[in-house]
Amino acid sequence: DVVGPTVFDDGSLAGSNLITVTNSGDVECSPEFVITGHAEGIEGVNLTTGKGFRVRRVLEVGDTLRIDTDKRTFGVYVNDVAELVAMDPTSEYWSLVPGPNVLWWRGNTASGGEPIGGFTIRWREQFETP
């Protein structure tokens, strides 16, 4: 079963958010992130694992960025068009480890004072043991 979507908006000044999601499976799983514009300087870090990614592309109002981290279907898409160059080359496409994962998000708009679009996270829990 797919867990989520876990949806949250970034309505704080300087665009920062902490959210905890729990992988109830007993092995790591690969999340899918959907981020809607208007936003720039987007970063997502799994504080539990220390891995993070950065988006180089500015998302305009109405743009949708989808990051599929599953190794079998991996891809980065802007408005359903493949665009891996939207990401900083140092980005790490992190998984969700079993148990709670503390995630940190940052995004800005032109003034830095208004909320960005929104974030959605989905993942499929996986089990190694029957």
Side-chain angles (χ1 to χ4, degrees):
D1 287 339
V2 175
V3 178
T6 296
V7 179
F8 55 100
D9 290 322
D10 188 347
S12 58
L13 291 180
S16 63
N17 256 312
L18 283 175
I19 184 170
T20 300
V21 298
T22 301
N23 172 7
S24 298
D26 59 8
V27 294
E28 292 183 1
C29 64
S30 303
E32 176 185 78
F33 309 102
V34 177
I35 304 166
T36 55
H38 177 255
E40 61 183 298
I42 301 164
E43 296 179 73
V45 179
N46 185 333
L47 295 177
T48 304
T49 65
K51 294 184 177 180
F53 61 76
R54 286 188 296 197
V55 181
R56 296 192 310 189
R57 190 178 197 284
V58 175
L59 299 180
E60 301 297 336
V61 173
D63 282 346
T64 300
L65 169 69
R66 183 172 63 88
I67 305 166
D68 182 351
T69 66
D70 190 317
K71 290 175 179 66
R72 299 165 293 184
T73 58
F74 177 82
V76 175
Y77 305 90
V78 177
N79 300 325
D80 293 323
V81 175
E83 192 175 322
L84 188 57
V85 296
M87 305 302 289
D88 186 284
T90 62
S91 293
E92 300 171 291
Y93 300 97
W94 38 267
S95 58
L96 298 174
V97 296
N101 290 258
V102 179
L103 311 179
W104 176 83
W105 301 93
R106 178 180 165 278
N108 292 305
T109 50
S111 74
E114 65 268 17
I116 69 168
F119 300 96
T120 302
I121 306 168
R122 289 187 168 98
W123 65 96
R124 185 178 306 279
E125 294 169 340
Q126 299 180 23
F127 298 89
E128 190 171 75
T129 55

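Both backbone and side-chain heavy atoms feed into the values below; hydrogens, waters and symmetry mates do not.
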Non-hydrogen side-chain atoms of Ile67 and Glu32 separated by less than 4.5 Å:
no
Can you check side chain to side chain contact (heavy atoms under 4.5 Å, CB included) on Leu103 and Asn101, steps first, answer last?
CA-CA 6 Å; Leu103 311 179; Asn101 290 258; 4.2 Å; yes
For Gly75, is there any backbone N or O sitting under 3.5 Å from a side-chain donor or acceptor partner on Asp68?
no
Flag yes if Val78 and Ile35 sit in one hydrophobic cluster, no otherwise; membership is Ile, Leu, Val, Met, Phe, Trp, Tyr, and two members link when side-chain heavy atoms are under 4.5 Å apart.
yes
Using atom types as modelled and distance alone, determine if a side-chain donor or acceptor of Asn79 lies under 3.5 Å from a backbone N or O of Thr64.
yes
Enumerate the salt bridge (Lys or Arg N to Asp or Glu O under 4.0 Å) contacts for residues 87-102, please, sequence neighbours excluded, ordered by first and then second residue.
Arg54-Asp88
Cys29 to Trp123 - nearest heavy-atom pair and separation
SG-CD1, 3.5 Å
I'd like to know if Val21 and Val27 are part of one continuous hydrophobic network [Ile/Leu/Val/Met/Phe/Trp/Tyr, side-chain heavy atoms within less than 4.5 Å].
no
Output for pair (Ser24 OG, Leu96 CG), nearest 0.5 Å, gives 11.0 Å
Can you tell me if Thr48 uses its side chain to pair, donor with acceptor, with the backbone of Val102 under 3.5 Å?
yes
Atom of Ala86, atom of Val76 and distance for their closest heavy-atom approach
CB-CG1, 4.4 Å
Who pairs with Ser95 by side chain to side chain donor-acceptor pair (under 3.5 Å), at least two apart in sequence or on another chain?
Glu28
Ile121 and Tyr77: same hydrophobic cluster, using ILVMFWY side-chain contacts below 4.5 Å?
no
Tell me every residue that passes side chain to side chain donor-acceptor pair (under 3.5 Å) with Glu83, counting only those two or more places apart in sequence or in another chain.
Arg57
Any pair with a residue in residues 81-102 that passes ring pair (Phe, Tyr, Trp, His ring centres under 6.0 Å), sequence neighbours left out, goes on the list, sorted by first then second residue, please.
Phe33-Trp94, Phe53-Trp94, Phe74-Tyr93
Return the CD1 to CG distance between Ile42 and Leu59, rounded to the nearest 0.5 Å.
4.0 Å
Measure the spacing between OG of Ser91 and NZ of Lys51 and express it to the nearest 0.5 Å.
12.5 Å
Arg66 side chain to Asp80 main-chain N or O, any donor-acceptor pair under 3.5 Å?
no
Name all residues meeting the side-chain contact (heavy atoms from CB on, under 4.5 Å) criterion together with Val58; count only those two or more places apart in sequence or in a different chain, and write none if there are none.
Glu40, Glu60
Atom of Gly25, atom of Pro98 and distance for their closest heavy-atom approach:
O-CB, 3.4 Å
